[in-house]
**Q** 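Dropping the structure in here first, questions after.
In what follows, chains are A, B, ... by sequence order, proteins preceding strands, each numbered from 1.
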Protein chains: 2
Amino acid sequence: MRTHPNKRRTDRVHRRYVARRLEILRAAGKQFRVRGFAEAGMRDIAAAADLSPANLYNYFRGKQEILFFCQDNSLDRMMAALERARRLRGTFAERLRFVIVSHLRCLLEEVGGSAAHLLTSALPAHLQRSLVAKRDRYEGGVRQLISAGVRSGEFVCSDPALAARAMLGAMNWSVRWFNPEGPMSATEIAEGLADYLIRGLLVKSEMYPAALPFPKIRSFAHDRASRAELRRPSAGSIAEGR
Amino acid sequence: MRTHPNKRRTDRVHRRYVARRLEILRAAGKQFRVRGFAEAGMRDIAAAADLSPANLYNYFRGKQEILFFCQDNSLDRMMAALERARRLRGTFAERLRFVIVSHLRCLLEEVGGSAAHLLTSALPAHLQRSLVAKRDRYEGGVRQLISAGVRSGEFVCSDPALAARAMLGAMNWSVRWFNPEGPMSATEIAEGLADYLIRGLLVKSEMYPAALPFPKIRSFAHDRASRAELRRPSAGSIAEGR
DNA sequence: TCAGTAACTGAACAGACGTTCAGAATCAAT
DNA sequence: ATTGATTCTGAACGTCTGTTCAGTTACTGA
């Protein structure tokens with residue numbers, strides 16, 4: 001029994017497995033976003049992902065784990081955008097705009113149906129802590145971006161922490177009213193919100209809003225499809241139930 | 001059997017009844033705010049209000065009705081603040097600031113533990129419609145305030161509707177991170193958020209933030225305690241259970 | 001073709017939920 | 001003290017939930 005054929009087989013099987021996992025996460029993310037965590041039942045999620053409810057448990061340990069990976073996944077994507085914005089050459093307004101637009105696309109665009117805004121208390125303590133820590137790092141990054149802009153003289157802001165929270169709140173709340181079939185696309189909304197949110201920081205607001213070109217995001221939705229976090233957890237990462 | 005003694009008796013009984021109703025609404029509002037609608041059980045609400053679970057049903061038809069009155073009540077308070085802001089003499093920035101601060105106080109201050117931000121889909125259609133209509137009137141009022149400021153030359157904003165949603169989102173999201181025991185009071189947060197949110201609209205942002213005095217709100221939390229909407233509904237306003 | 005593994009399912013389970021109800025306790029007025 | 005109404009409660013009911021499991025189907029590699 002050589003290892004190669006086996007290896008190839010399990011590879012393909014594993015790829016299918018990961019893909020199904022992602023499908024489930026997307027379906028669940030949409031359900032969570034639309035109906036809320038508690039209101040979205042496993043039977044709904046299963047139906048949205050075209051599986052039997054019982055079959056979900058071949059891919060995830062339970063509902064909480066699904067929520068966790070949904071949030072963890074979108075937090076990772078946002079964090080990646082934040083780090084990319086940091087390395088960006090340009091004004092702080094441009095960097096901040098990049099973060100805002102990325103954040104909103106991640107939340108609103110259909111393919112990225114995640115639900116980072118749901119950070120609910122329905123998770124066991126250690127998972128909750130892990131997510132909150134990640135979100136705090138992200139929020140801290142946004143705050144630092146604002147502070148740096150203030151130090152550089154480009155921004156004016158008496159309380160960067162509060163401004164960061166205001167910006168994130170305005171963005172996160174958009175999932176409440178955004179309608180994919182509505183007149184505005186996710187990108188248009190993102191640009192419009194960025195205009196307003198950044199204007200509140202600029203010292204010289206006359207030069208704003210202007211057509212600030214910023215690097216297009218390519219393959220944004222898929223570039224983390226095979227992240228380590230998406231693989232099946234081997235150890236007991238979810239120990240006790242609720 | 002004269003009517004006077006009876007009248008007096010039932011009056012007092014009725015006052016107690018209304019007061020208890022308000023207590024329940026406050027307790028439930030806090031639970032809904034902290035844990036979410038589905039996660040907050042009737043047994044939790046009852047415990048928070050110091051009642052037996054069964055006794056809740058002497059004051060409300062059920063959980064959905066409690067949520068409805070929570071939201072309806074805080075929407076009414078916000079609407080009242082909006083109308084008061086409209087009649088205010090002063091700049092549009094001052095009026096808008098009044099609305100923002102009132103909104104945030106209504107959401108965050110302990111005594112007004114309501115949950116307008118929860119507008120969930122867990123309510124029967126007609127109640128949902130009623131709340132959404134009221135919220136739309138409120139949101140429209142904020143939008144008109146912005147538009148009027150733009151027309152007057154005081155504000156600049158390419159999309160007042162979007163800006164209004166951004167502002168409301170930033171405010172509503174605050175219930176997620178606000179901590180009553182934290183370093184900032186609800187009022188301080190309200191002022192800080194108002195600074196930033198209004199700055200994004202001003203043409204001449206140099207004169208901002210400045211100490212803009214605005215009329216103090218007095219007896220804000222209690223002035224609607226005996227509203228008609230708080231009385232027990234006599235007809236079947238909640239018909240079918242979900 | 002055949003064995004073995006992976007993917008999947010229907011039916012059920014234990015627990016939590018909102019809610020009800022018969023009846024006890026409390027209150028108010030005579 | 002008695003009466004009638006109001007306020008309250010413990011215990012239960014039916015339903016829905018997340019989850020499990022024995023068993024079936026589909027797929028893979030030789």
Side-chain angles (χ1 to χ4, degrees), chain A residues 1-21 23-24 28 31-32 35-68 120 122-124 232 238-242, chain B residues 1-21 23-24 28 31-32 35-68 120 122-124 232 238-242:
Chain A
M1 191 201 282
R2 288 163 303 156
T3 64
H4 249 287
N6 264 353
K7 184 63 161 44
R8 247 204 282 136
R9 183 184 90 100
T10 54
D11 258 14
R12 214 179 51 163
V13 166
H14 184 259
R15 265 203 312 278
R16 261 223 302 259
Y17 174 80
V18 171
R20 263 264 200 276
R21 238 173 113 83
E23 278 179 41
I24 295 175
Q31 290 291 313
F32 287 154
R35 314 182 39 161
F37 176 70
E39 281 86 356
M42 289 299 260
R43 288 160 179 87
D44 303 322
I45 296 174
D50 253 325
L51 292 170
S52 79
N55 199 9
L56 285 178
Y57 291 81
N58 286 321
Y59 296 92
F60 296 95
R61 286 244 173 82
K63 196 183 178 186
Q64 299 182 332
E65 199 182 87
I66 296 181
L67 176 63
F68 174 79
T120 172
L123 288 179
R232 186 172 214 163
I238 295 198
E240 72 281 20
R242 193 241 245 273
Chain B
M1 190 201 283
R2 289 161 306 153
T3 65
H4 250 288
N6 264 353
K7 184 61 162 45
R8 247 201 284 135
R9 184 183 90 99
T10 54
D11 258 14
R12 214 179 51 161
V13 166
H14 185 260
R15 265 204 312 279
R16 261 224 302 262
Y17 174 81
V18 170
R20 263 263 200 277
R21 238 172 113 84
E23 277 179 42
I24 295 175
Q31 289 291 315
F32 287 154
R35 314 184 38 163
F37 176 70
E39 281 86 356
M42 288 300 260
R43 289 162 179 87
D44 303 322
I45 297 174
D50 253 323
L51 291 171
S52 80
N55 199 8
L56 286 178
Y57 291 82
N58 286 322
Y59 297 93
F60 295 95
R61 288 243 172 81
K63 196 184 179 186
Q64 299 183 333
E65 199 182 88
I66 296 181
L67 175 63
F68 174 79
T120 173
L123 288 179
R232 186 170 213 164
I238 296 198
E240 72 281 22
R242 153 71 116 187

**Q** What nucleotide among C/dC8, D/dA12, C/dT20 has an atom nearest to a side-chain atom of A/Tyr59?
**A**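 It is C/dC8.
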**Q** Does NZ or CZ of B/Lys63 fall inside the cone over B/Phe32's six-membered ring, less than 6.0 Å from its centre and within 45° of the axis?
**A**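 No - B/Lys63 does not lie over the ring of B/Phe32 by the 6.0 Å and 45° rule.
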**Q** Rounding to a whole Å, what distance do you find between A/Tyr17:OH and C/dT5:C1'?
**A**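 Interatomic distance, OH of A/Tyr17 to C1' of C/dT5: 15 Å.
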**Q** Taking all heavy atoms of A/Glu39 and all of A/Asp44, pick out the closest pair and write down the distance.
**A**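 It is O-OD2, 3.9 Å.
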**Q** Shortest non-hydrogen contact from B/Gln64 to B/Pro124?
**A**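 Closest heavy-atom pair between B/Gln64 and B/Pro124: OE1-CD, 3.2 Å.
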**Q** Heavy atom of residues 46-54 of chain A under 4.0 Å from DNA chain C: which residues?
**A**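 Here the set is A/Leu51, A/Ser52, A/Ala54.
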**Q** Work out how much the helix from C/dT1-D/dA30 to C/dT30-D/dA1 bends between its end axes, five pairs an end, to the nearest 10 degrees.
**A**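 Comparing the axis at each end, I get an angle of 20°.
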**Q** Return the value, rounded to whole Å, for the distance between atom CG of B/Leu67 and atom P of C/dG18.
**A**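 These atoms are roughly 12 Å apart.
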**Q** With sequence neighbours excluded, what pairs up with B/Arg20 under the side chain to side chain contact (heavy atoms under 4.5 Å, CB included) test?
**A**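 Once residues adjacent in sequence are excluded, the partners of B/Arg20 under the side chain to side chain contact (heavy atoms under 4.5 Å, CB included) criterion are B/Glu23, B/Leu51, B/Tyr59.
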**Q** Among C/dG18, D/dT19, C/dA6, find the nucleotide with the atom closest to the side chain of A/Val13.
**A**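 Of C/dG18, D/dT19, C/dA6, C/dA6 is nearest to the side chain of A/Val13.
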**Q** On a heavy-atom basis, which atom in B/Pro53 and which in B/Arg43 lie closest, and how many Å separate them?
**A**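 Scanning both residues, the minimum pair turns out to be CG-CG, 4.0 Å.
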**Q** Which part of the nucleic acid does A/Ala38 contact within heavy-atom distance under 4.0 Å: base, sugar-phosphate only, or nothing?
**A**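 No contact at all - A/Ala38 keeps every heavy atom at 4.0 Å or more from the nucleic acid.
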**Q** Go through C/dT9, C/dG18, D/dT9 for me and flag the one nearest to the B/Lys63 side chain.
**A**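 Minimum distance to the B/Lys63 side chain belongs to C/dG18.
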**Q** Quick one: which of D/dC8, D/dA12, D/dT19 gets closest to the side chain of B/Asn55?
**A**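 Nearest to the side-chain atoms of B/Asn55, counting from C-beta on, is D/dC8.
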**Q** State whether A/Arg16 places a side-chain N or O below 4.0 Å from either non-bridging phosphate oxygen (OP1 or OP2) of C/dA7.
**A**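 A/Arg16 to C/dA7 OP1/OP2: no side-chain N or O under 4.0 Å.
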**Q** Any side-chain N or O of A/Arg20 under 4.0 Å from OP1/OP2 of C/dC8?
**A**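 Checking C/dC8 against A/Arg20, a side-chain N or O does come within under 4.0 Å of OP1 or OP2.
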